[in-house]
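Okay, so here's the structure we're looking at.
These numbers come from a predicted model, not from an experiment. Any value given below was found using the heavy atoms of this structure, including those in side chains, with hydrogens, waters and symmetry copies removed. In what follows, every chain begins at residue 1, and chains take the letters A, B, ... in the order their sequences are listed.
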Amino acid sequence: MAKSNKPIVWGPFAAGGTVTAFVTPVLILLTLLAALGHVPDGLTYEGMHGFASHWLAKLAIFAVITLSLWSSAHRLRSTFFDFGLRRDKQIATIVYFMAIIGALASLMFLYCI
Amino acid sequence: MAKVNSKPYQREISNTRWYWRNETYMRYIARELTCVFIGIYTVVLLVGIWRLSQGQVAYETFLQALRSPMSIVFHLVALAFSVYHSVTWFNLTPKALPIQIGEQFVADRVIIGAHYLGWAVVSVVFIFLAGVF
Amino acid sequence: MTDRSIELEVLRYNPETDSEPYWQRYSVPHHHEWVVLDALNHIKENIDPTLNYRWSCHMAVCGSCGMMINGSPKLACKSFMRDYENLIRVEPLAHFPIERDLVTGMDDFVSKLARVKPYLIPKQDKPVEEGEYRQTPAELKRYKQYSMCINCMICYSACPEYGLIPKFLGPAAITLAHRYNLDSRDGGREQRQEEVASGEGVWECTFVGACSEACPKHVDPAGALQQVKIASTIDWFKEQLSSWLK
Amino acid sequence: METIQADIAIIGAGGAGLRAAIAAAEADPHLTIALVSKVYPMRSHTCAAEGGAAGAVKADDSLEHHFNDTVGGGDWLSDQDAVEYFVKEAPRELVQLEHWGCPWNREPDGSVAVRPFGGMEIKRTWFAADKSGFHILHTLYQTSLKYPSIKFYDEFYATDLLVDDGHCRGLTAIEMRSGRMYQFRARAVIIAGGGAGRMFPFSTNGSIKTGDGMALAYRAGVPLKDMEFVQYHPTGLPNTGILLTEGCRGEGGILVNAHGRRYLQDYGLGPETAVGKLVLKTMELGPRDRLSQAFWHEQQKGNTIPTPWGDCVYLDMRHLGEKLIDERLPFVRELATSYLGVDPVKDMVPIRPVVHYMMGGIHTDIRAATPLGGLFAAGECACVSINGANRLGSNSLTELLVFGRRAALSAIEHLNSDAQAGNDAALSAQAQAAQDRIRALFMRPVGTESISGLRREMMDTMELNAGIYRTEKGLAEAAMKLAELRRRYAAGVSLHDKTNVYNTDLLQALELGSMLDCAEALVLSGLARKESRGAHQRLDFTGRDDMNYLKHSLAYYHPSEPPRIDYCKVVVTKSQPGVRNYSGDKK
Ligand SMILES: Cc1cc2nc3c(=O)[nH]c(=O)nc-3n(C[C@H](O)[C@H](O)[C@H](O)COP(=O)(O)OP(=O)(O)OC[C@H]3O[C@@H](n4cnc5c(N)ncnc54)[C@H](O)[C@@H]3O)c2cc1C
Ligand code: SF4
Ligand code: F3S
Ligand code: FES
């Protein structure tokens, strides 16, 4: 039996799971503040724009978005399976494709900032 | 002993409802479902970046949109799920990455504790950078 | 020491006479120190000699007596009656074919076990005359936990992915492969990876973790499987990298 | 009936059977080896062994020491040529197991660690925490998966040997999952069926230890040797009979009576040693027979603690500390805590002697060959004899390895000499007869004799009359009772379950038959041995009598009458019978 190529999708999943575990809750907390009307300084247009202009910040944002999209996509794939949707190939293609689109989009937006 | 009719009985497992069978499975499914919320939230972030790239007006509309009740509810639910993801993820880390120093393995709670600490530091740094204080 | 009696519902099946399994109820005395296996033995000896199940050691080491007790896979010889209410439901281990009553088929597990080469493939051969391989207590400890598996198949019964995907090599077999991979004397990991890192190998595991929760010997197959995934992933990227660099 | 052809058929896939299979597969990959076992190999009772396996490897030890401890421990009933072979092969086998991956405990420098056991001059027990047998069995089983020439017939219950012209040429076995009978034709057969402790109601033995292997050979005309020697292990949990390994004492645990007093010094095992300071071969590190007998005397004196499960004494390990207990005796802690609710780290554990091991068994010579051509035996079912009148703890696991391998090598020698296929028609007729006998059981209407009833009566008799101390009267009563039970079994036992698939009612009926045969051999051998030696203690003949009884008993089967008891010589080479000295002043 041949070894599987799963690592190529699993590696970023594991990385993404770790990243989201560390940062997603606090990010949600921050945008929640904004949603409640208390926009923190850093989340105002000036604040964000200033921050996101730096190439290092761009890289970080790109990494967070890409990895968390990827890990969500990967988990979604197995969750579909767990819910009884057994067309794994098709589902995998769709969810990973969407994650890649998201990653590319973020790349483009960041480039535009 | 002459005629033998051996046919093992294969029980069916429900493909779509198995996770109701016990608490462990339900906890697992809840953990897996965190991906939906984290995923959608990431898309929200993505939209934010997009709007940011379009200039101040666009970005402010985005901030405004965040204030809808739907968004607030979503944030609360997503926060709960993402915290659940973090907790489950960190709690399982020592299984996946055990550390052996000399003969002994580092105790699970030390590894988990270190992750929680890191999590707290990261969160505080973010809050600080975001200028909440 | 009998204070009360307790009802035991047992899933019965005889392929020669039944088209499907059915529940049968027995009333057994309750003794404080009895395990479910004692109750089954009581039934077999005093009530119904046609009840069939496997057991031998009565000390949680032979791995024969795995069965579902109130819906969870357990060793009958390690499940105390006192920990249950007045009705205990006993079924054959989930996910396995029922041969008869509480006896399930072992073939699948046994052949999977053989496939992962669960034996030492030495780094270097050493004649017996030259004595033992050296292995420090630290090196021993590295894999010791994973060598405690009694092949009771409880983890297979607990793992929903095995239920959904019967081809999945499953927790215990992969854990035993990992046990040898971690052994300082062993050099056979590459050979085992052929099975272990295949699609039907470790990659069917979604880290449900139920295997480790259920394992009566605290082997922690879930942990082993995640370690195998990480190591296989590192392998894969290394392999890709080195083939690019060529 | 389907026929399965093999070069070597092995009955039993415990430690001995697996070792034999591997040895045969390694010696000649072209051989077909049929490994027939009534349970999956890893369920065999070798998995229950806790303490460890003896082999002299350390610099302070020697083969000489191992030899002397074994022969003295066996009260000079061991065959000394066999013991010599055994101690010589032992280290090699243990190293071999290490090479196959057995997780032996280690010293800081990476060499194998050893622990003391009862009756040893020098500590020499290799151990894998307190799951030594478990690790040995799984190492052997997993290693055996390497060899394509080993064919596993798991959950096949062997019912009869096929014998033609004074040669064993195969066996019949029932496949449990189908109820179908098969005949196995083999040019050599090795029996490795394990012990028979289940004859007794209170035993460390698993449910599968019903003496089938012994009975197979016995009924085929091979005598059972030294069956009267039954080992009681001094430290069993009183409610279940679960064993707490001798390693408990090896690591420093002590025995105290109801008054909180150590008592072994009163029975020739003293002078009392300091708690926590191990002195080998004395006090708690005396041999099992002596310790179990001391318990009996304490019980007579009223120094034991009454419990709902009978009288007990305490095993005190509290001074060993949690760290040592968790590292070296974790299973003991788990067992005592879950099955008795007593944590040895904090509490004294009530224990009492429990039937543990059969020194006797199928008569074999030093080559593991039985008197029947083509039939070999190894493991607990065999009696070589290295264990004599009392086995030293941790010699059995080693014996499985040494003589398991030896049996395979002898079987191959046999194949290479004259082994023929035998007379096909005669063998098939025998197989047919075996099948008919079982079919007859199915035909019989459900009668008055229940399997569990007969079994209970047998167990009660054995407990009452063939225990730690025996008398003429008790043994004679047991002999009568067993003759009666055998008769009732033959005439009236019937099955409630008349279906084929995984019929454990049938299995238990057949196992009961084996136990009754073994029990009768045991009791009659005991009745005939009018002396006290090792584990065979007679209240009416209290001394050892080398003049008349320095010989092995041999019980010969008779289908309807009690066995005939005969004797054969004990091989004495370099150690003349002496005094078993377990008092600390021996030097
Ligand atoms: C609790 C306990 C602890 C022990 N601790 C130690 C220790 O620390 N050190 C030590 O040296 N010794 C110890 N012993 C003794 C030792 O473990 C046993 O003597 C030894 O394991 C027996 O091994 P075996 O291979 O002969 O038989 P087993 O392992 O009992 O195997 C018997 C095999 O025969 C098969 N079989 C039986 N009947 C049939 C049949 N009719 N048809 C087909 N197959 C059949 C069974 O399926 C099984 O595979 C201990 C024993 C017990 C019970
Ligand atoms: S890993 Fe645990 S549950 Fe699974 S077979 Fe081994 S001992 Fe049983
Ligand atoms: S339950 Fe199953 S999915 Fe993996 S972690 Fe255990 S094998
Ligand atoms: S009977 Fe051996 S594990 Fe339960």
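- Within the 4.5 angstrom heavy-atom criterion, only side-chain atoms of C/Glu129, from C-beta onward, approach chain D.
- The OH atom of D/Tyr141 sits 7.0 Å away from the CG atom of C/Asn151 when rounded to the nearest 0.5 Å.
- Heavy-atom distances place both the backbone and the side chain of C/Val61 under 4.5 Å from chain D.
- To the nearest 0.5 angstrom, C/Met148 atom CE is 8.5 Å from D/Phe331 atom CZ.
- Counted by atom type alone, D/Trp309 and C/Glu33 present one or more donor-acceptor pairs between their side chains at under 3.5 Å.
- Heavy-atom distances place the side chain of C/Asn14, and not its backbone, under 4.5 Å from chain D.
- Side chain of C/Glu16 to backbone of D/Val501: a donor-acceptor contact under 3.5 angstrom is found.
- Contacts of C/Ile150 with chain D are made by both backbone and side-chain atoms, with heavy-atom separations under 4.5 Å.
- For chain D, the nearby part of C/Asp183 is the side chain; its heavy atoms alone come within less than 4.5 Å.
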Original post:
So D/Arg177 and C/Asp107, side chain to side chain contact (heavy atoms under 4.5 Å, CB included) or not? Walk me through it.
Top reply: CA-CA 12 Å; D/Arg177 74 160 66 174; C/Asp107 305 346; 2.6 Å; yes
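- In this structure, CG on C/Asp38 lies 9.5 Å from CG on D/Asn239, to the nearest 0.5 angstrom.
- Residue C/Cys77 touches chain D through both its backbone and its side chain, counting heavy-atom pairs closer than 4.5 Å.
- Interface remark: D/Phe152 contributes no atoms to any contact with chain C (heavy atom separation under 4.5 Å).
- Only the side chain of D/Lys131 comes within contact range of chain C, with heavy atoms under 4.5 Å apart.
- For the atom pair CZ of C/Arg185 and CD of D/Glu98, the computed distance is 4.5 Å after rounding to the nearest 0.5 Å.
- For D/Leu145 against C/Ala114, the heavy-atom pair with the smallest separation is CD1-CA, 4.0 Å.
- Contacts of D/Asp505 with chain C are made by both backbone and side-chain atoms, with heavy-atom separations under 4.5 Å.
- Residue C/Met106 holds its CE atom at 3.5 Å from CE of D/Met42, rounded to the nearest 0.5 Å.
- Contact annotation for D/Glu50: only side-chain heavy atoms (C-beta onward) come within less than 4.5 Å of a heavy atom of chain C.
- The main-chain N or O of D/Val112 is found under 3.5 Å from a side-chain atom of C/Glu132 such that the two form a donor-acceptor pair.
- Of the two parts of D/His45, only the side chain, counted from C-beta on, holds a non-hydrogen atom closer than 4.5 Å to a non-hydrogen atom of chain C.
- Within the 4.5 Å cutoff, no side-chain heavy atoms of D/Asn500 are placed close to those of C/Arg100.
- Each of D/Arg92, D/Lys146, D/Gln96 has some count of heavy-atom pairs under 4.5 Å with chain C, and the biggest count is that of D/Lys146.
- With a 4.5 Å cut-off on non-hydrogen atoms, C/Lys126 touches chain D through its backbone and its side chain both.
- D/Glu334 and C/Lys78 are joined by a salt bridge, as a carboxylate oxygen and a charged side-chain nitrogen come within less than 4.0 angstrom of each other.
- Formation of a donor-acceptor pair under 3.5 Å by the D/His138 side chain with backbone atoms of C/Ser147 is not found in this model.
- Of the residues considered (C/Cys152, C/Gly63, C/Ser184), C/Gly63 shows the highest number of contacts with chain D, using heavy-atom pairs under 4.5 Å.
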**OP:** Apply the test salt bridge (charged side-chain N to carboxylate O under 4.0 Å, His left out) to residues C/Glu45 and D/Arg455: give CA-CA distance (whole Å), side-chain angles for both, the deciding distance (0.1 Å), then the verdict.
**Re:** CA-CA 10 Å; C/Glu45 274 173 37; D/Arg455 190 169 54 210; 3.7 Å; yes
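- Residue contact with chain D, scored on non-hydrogen atoms closer than 4.5 Å, is absent for C/Ala138.
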Subject >> Criterion side chain to side chain contact (heavy atoms under 4.5 Å, CB included) on D/Val95 and C/Glu130, from CA distance to verdict >> reply: CA-CA 9 Å; D/Val95 170; C/Glu130 285 174 24; over 6 Å; no
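- For D/Thr240, the part lying under 4.5 angstrom from a heavy atom of chain C is the side chain only.
- Top candidate by heavy-atom pairs under 4.5 Å with chain C, chosen from D/Gly206, D/Ser452, D/Gly241, D/Ser111, is D/Ser111.
- The closest side-chain heavy-atom distance from C/Arg179 to D/Pro103 is below 4.5 Å.
- When all heavy atoms of D/Ala129 and C/Lys144 are compared, the pair lying nearest together is CB-NZ, 3.9 Å.
- Looking at D/Arg43, its side chain does come within 3.5 Å of a backbone N or O of C/Cys62 through a donor-acceptor pair.
- Contact annotation for D/Ile242: only side-chain heavy atoms (C-beta onward) come within less than 4.5 Å of a heavy atom of chain C.
- For chain C, no part of D/Ala113 is nearby; none of its heavy atoms comes within less than 4.5 Å.
- For D/Glu107, the part lying near chain C is the backbone, with the side chain staying farther off; criterion is any non-hydrogen pair under 4.5 Å.
- Counting heavy atoms from C-beta on, the side chains of C/Arg54 and D/Met176 never come closer than 4.5 Å.
- For the atom pair D/Thr139 OG1 and C/Leu120 CG, the distance stands at 9.5 Å (nearest 0.5 Å).
- Close placement of the D/Tyr339 and C/Phe80 rings is indicated, their centers lying within 6.0 Å of each other.
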